[in-house]
Number of protein chains: 4
Amino acid sequence: MNKNRPKYKQIIDAAVIVIAENGYHQAQVSRIAKQAGVADGTIYLYFKNKEDILISLFHEKMGYFVEKIEEEIKGIDTATQKLLVMVEKHFEILSEDRHLAIVTQLELRQSNKELRHRINDVLRGYLNLIDEIMTEGIASGEFRPDLNLRLARQTVFGTIDEIATTWVMNEQKYSLTDLAKPVHELLVGGCGKS
Amino acid sequence: MNKNRPKYKQIIDAAVIVIAENGYHQAQVSRIAKQAGVADGTIYLYFKNKEDILISLFHEKMGYFVEKIEEEIKGIDTATQKLLVMVEKHFEILSEDRHLAIVTQLELRQSNKELRHRINDVLRGYLNLIDEIMTEGIASGEFRPDLNLRLARQTVFGTIDEIATTWVMNEQKYSLTDLAKPVHELLVGGCGKS
Amino acid sequence: MNKNRPKYKQIIDAAVIVIAENGYHQAQVSRIAKQAGVADGTIYLYFKNKEDILISLFHEKMGYFVEKIEEEIKGIDTATQKLLVMVEKHFEILSEDRHLAIVTQLELRQSNKELRHRINDVLRGYLNLIDEIMTEGIASGEFRPDLNLRLARQTVFGTIDEIATTWVMNEQKYSLTDLAKPVHELLVGGCGKS
Amino acid sequence: MNKNRPKYKQIIDAAVIVIAENGYHQAQVSRIAKQAGVADGTIYLYFKNKEDILISLFHEKMGYFVEKIEEEIKGIDTATQKLLVMVEKHFEILSEDRHLAIVTQLELRQSNKELRHRINDVLRGYLNLIDEIMTEGIASGEFRPDLNLRLARQTVFGTIDEIATTWVMNEQKYSLTDLAKPVHELLVGGCGKS
DNA sequence: CATGAATGAGCATTCATTCAT
DNA sequence: AATGAATGAATGCTCATTCAT
């Protein structure tokens, strides 16, 4: 559906604002429409249903994540460095858009199982990025040769995600980007003494 | 209220089953009552309202988590070993009760922000347990002296949680307990080559 | 049912207090039982159901009204004087028991149509008293010979009742008994210039 | 809200019918909607909640009372005559709409204290009308100069209301309008012999 | 007589979606 | 394309009454 029309983006941006400011369960379609400056019915010219707004929202924003990060790590030599930049970039993007941070880390998690499964599909792209970095690191000898790729990916993602979520739940009152470096160290070196 | 009455536990167990099998939003009070073999009104002799059932559920079960794990690591000498046992025990308890796993990893996350905040309060006990182990590890020289305690805790919890959630979303079709050892290695040693 | 047992009166008095202080719709049987110092089930040893409590309450209290007033007007010579004493006594009894005033003038009116019909039956005794006075007044030549007895009775009762209700709705903050004399004058002489 | 839309009146009229025929406590919103020929949800486009329907109902109908009566007494010379016309008109309007009579005299009284207070606010307009007539009567010398205005108003209203209520409780099986003249005589001349 | 735990029917309100204009 | 009035399904909770003890 008409992804190129200006109202498509307009509605998604409205959804981010409404959800961030009122919470997932208070984000009625009529409210999103009002925020977007369109009639309720107009929403349905651009989205199949409410769920479609949320998926599209996540798709657009997560796509931006992957795109941005891919761009940044393109020229970098080592996997270790790439991992650092990824964490940095991830935290940076969230820090720059507090509404988006609230929506992706807190509110969208309240969606039902089916929606969350579909959101996971969208996450695929991001997880693949992690996989690529990890694979490269193993190949280059930076990471241990016996690394379980899936576990490593879940560790990296789970850690980044938990730290971002805690930051949002604490109302973003400390610097998230400052945490990138120590988090990276933990991921690469573990908590044990080398 | 009336925590010692048999019906208190009966209702909580019914809630776990109903939520696991039908999903959070399909877990009507009347359904829980039916599953528990009591009348709808009886629920309200033991719980203030529906939310109270869910909080109590989480409280009871997470309390069991902390209790069990504390018990198991009591006699263990090193923090590293304790961390391993914690991960093992965590995965073991989830593996033993597939309904509980679904409820805690997927369904309860759909609750509203207020309920999630109250659930987080209950989680405190578990996070404290992690803190204790990490602190002990630093003191004993097993873990790096410059470890950021909060980050380390979030790394440990985020990783365990992500791996458990992925396992549930994949319909628990592989062994979760088998992952305890490699996960522990990742947490302690990181993904980098030592 | 056991009208002579102390608990019968105990429960009725409890009902008056609970209804006056919490309102008709907040006067649950369990609350009345608690106030009376008995178990919920005990209520049903003395009353058929909740409605029966209210009817009995009204019966007892209105019986006291009729009894008291009959007693007072017994020795009085003229119907005009009797009417005055009736109004005075009516206002006096209400003034003496603010709980009772609230219950009879405001709260009990919220009962359903059926209950109100049965309450009207109880009122019969009071209305008969008015009828007697009016009839006597006509016979003695004090009142007009063409007086429509039913209308006269409704005028007297409607007036007394409205004035008492207004007084209760105004939180009883002026003297009701002071109004007896002017009300009596209005009833006997009308508002027109004689 | 939206008082000019045809559905506003449609719903109020439906409420009168449903309440009159089924009783206050059996007047579910869904029943009113059905009677009005609209969906349940439509009710809430025109009224804030159920209570708002009842208040609006009373407001509209009582407004009609005051309006009609004001209109009729405008050209009349004496306060005595105005009082007669007011009673006549009051009884006439109730006689013409038996449903409305049941609702205002019996059913709406079952509402809770808060709603009754708000209904009383609406009654103000009617009571003011009585006040004006009484004041005029005193000024013109038709009524006694020492008339207590508040008491007189309560006497007039209490009498009219009691007579109307009794008529409704007797299932409206005699002519209410026939009573206007004798009631008026009683109010003006009292029951005493002049 | 007395208890009080258990029962279960009943209802106002919200909001995603449609469709006539 | 755009509108927004209308729709109608779906559910947590209360409380009078019972009855086993």
Side-chain angles (χ1 to χ4, degrees), chain A residues 1-2 5-7 11 25-34 36-54, chain B residues 1-2 5-7 11 25-34 36-54, chain C residues 1-2 5-7 11 25-34 36-54, chain D residues 1-2 5-7 11 25-34 36-54:
Chain A
M1 324 210 160
N2 296 307
R5 300 293 177 69
K7 289 193 178 165
I11 291 166
H25 289 293
Q26 283 307 305
Q28 295 88 342
V29 171
S30 62
R31 217 162 183 165
I32 295 173
K34 196 173 185 181
V38 300
D40 294 16
T42 306
I43 298 267
Y44 292 87
L45 297 174
Y46 296 89
F47 300 91
K48 217 166 67 241
N49 50 35
K50 187 180 178 180
E51 187 175 270
D52 190 30
I53 307 176
L54 305 175
Chain B
M1 341 187 156
N2 294 310
R5 302 287 180 67
K7 290 196 177 160
I11 291 166
H25 289 293
Q26 281 306 304
Q28 297 91 340
V29 171
S30 62
R31 219 162 182 163
I32 296 173
K34 197 171 184 182
V38 301
D40 292 17
T42 305
I43 300 267
Y44 293 87
L45 295 177
Y46 296 90
F47 301 92
K48 220 168 59 245
N49 49 36
K50 187 179 175 180
E51 186 177 88
D52 191 32
I53 307 176
L54 304 176
Chain C
M1 322 214 161
N2 297 309
R5 299 294 175 70
K7 288 193 179 167
I11 291 166
H25 288 293
Q26 283 306 305
Q28 296 88 342
V29 171
S30 62
R31 216 162 183 164
I32 296 173
K34 196 172 184 181
V38 301
D40 293 16
T42 306
I43 298 268
Y44 292 86
L45 297 174
Y46 296 89
F47 299 92
K48 216 166 68 241
N49 49 35
K50 186 180 178 180
E51 187 176 90
D52 191 30
I53 308 177
L54 305 175
Chain D
M1 342 185 154
N2 293 312
R5 303 287 179 65
K7 290 196 178 162
I11 291 165
H25 289 294
Q26 281 307 303
Q28 296 91 338
V29 172
S30 63
R31 220 161 181 165
I32 295 173
K34 197 171 185 181
V38 300
D40 293 16
T42 305
I43 299 267
Y44 293 87
L45 295 176
Y46 296 90
F47 301 91
K48 220 167 59 242
N49 50 35
K50 187 179 177 179
E51 186 177 87
D52 191 31
I53 307 176
L54 305 176

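Just so it is clear: chains get the letters A, B, ... in the order the sequence lines come, proteins before strands, and each one is counted from 1. Worth saying up front: this structure is predicted, and the values here are computed from it rather than measured. Just the heavy atoms: all of them, side chains too, but no hydrogens, waters or symmetry mates, feed the values below.
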**OP:** Write down the partner of F:dT21 under the Watson-Crick or G-U wobble criteria, each distance required to be under 3.5 Å.
**Re:**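 Base-paired to E:dA2.
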Original post:
With both distances under 3.5 angstrom, what nucleotide forms a Watson-Crick or G-U wobble pair with F:dC13?
Top reply: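 Answer to the pairing question: E:dG10, which forms a Watson-Crick or G-U pair with F:dC13.
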For the pair made of [atom1] in [X] and [atom2] in [N], what is the distance, rounded to whole Å?
X       : N      : atom1 : atom2 : result
A:Lys34 : F:dG4  : NZ    : C1'   : 13 Å
C:Leu45 : E:dA2  : CG    : C1'   : 7 Å
B:Ile32 : F:dC13 : CD1   : P     : 11 Å
D:Lys48 : E:dA12 : NZ    : C1'   : 15 Å
B:Asp40 : E:dA6  : CG    : C1'   : 12 Å
A:Ile43 : E:dC19 : CD1   : P     : 18 Å
B:Asp52 : F:dG12 : CG    : C1'   : 14 Å
A:Ile11 : F:dA2  : CD1   : P     : 9 Å

Would you name the heavy atoms of [X] and [Y] that are closest together and state the gap between them?
X       : Y       : answer
B:Tyr44 : B:Asn49 : CE2-CA, 3.8 Å
C:His25 : D:His25 : CE1-CE1, 4.1 Å
A:Gln26 : A:Arg31 : O-NH1, 3.2 Å
D:Phe47 : D:Ile11 : CE1-CG2, 3.5 Å
D:Asp40 : D:Ala33 : OD1-CB, 3.6 Å

Original post:
D:Thr42 side chain: which of F:dG12, E:dT13, F:dA6 is closest?
Top reply: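 Nearest nucleotide to the side chain: F:dA6.
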Original post:
Of all the choices, E:dA5, E:dT18, E:dT14, which nucleotide is nearest to the side chain of D:Tyr44 once you look at every atom?
Top reply: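 Per side-chain heavy atoms of D:Tyr44, the pick is E:dT14.
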Original post:
Can you check whether C:Tyr46 has a side-chain N or O nearer than 4.0 Å to OP1 or OP2 of E:dA2?
Top reply: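 For E:dA2, OP1/OP2 do have a side-chain N/O of C:Tyr46 under 4.0 Å.
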Original post:
Is the distance from OP1 or OP2 of E:dA6 to the nearest side-chain N or O of B:Lys7 less than 4.0 Å?
Top reply: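 Checking B:Lys7 against E:dA6: at least one side-chain N or O falls below 4.0 Å of OP1 or OP2.
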Subject >> 5'-most by nearest nucleotide on DNA chain F - D:Ala39 or B:Gln26 >> reply: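 Counting from the 5' end, the first nearest nucleotide belongs to D:Ala39.
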**OP:** Nearest-nucleotide wise, let me know which of D:Gly41 and B:Asn49 is further upstream toward the 5' end of DNA chain F.
**Re:**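 Residue closer to the 5' terminus by nearest nucleotide: D:Gly41.
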**OP:** Could you say whether D:Glu51 or A:Ala27 is positioned toward the 5' end of DNA chain E, judged by the nucleotide with the nearest heavy atom to each?
**Re:**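 Nearer the 5' end of the strand: D:Glu51.
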**OP:** Find which nucleotide of DNA chain E each of B:Val38 and D:Val29 is nearest to by heavy atoms, and output the residue with the more 5' nucleotide.
**Re:**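 Result: B:Val38.
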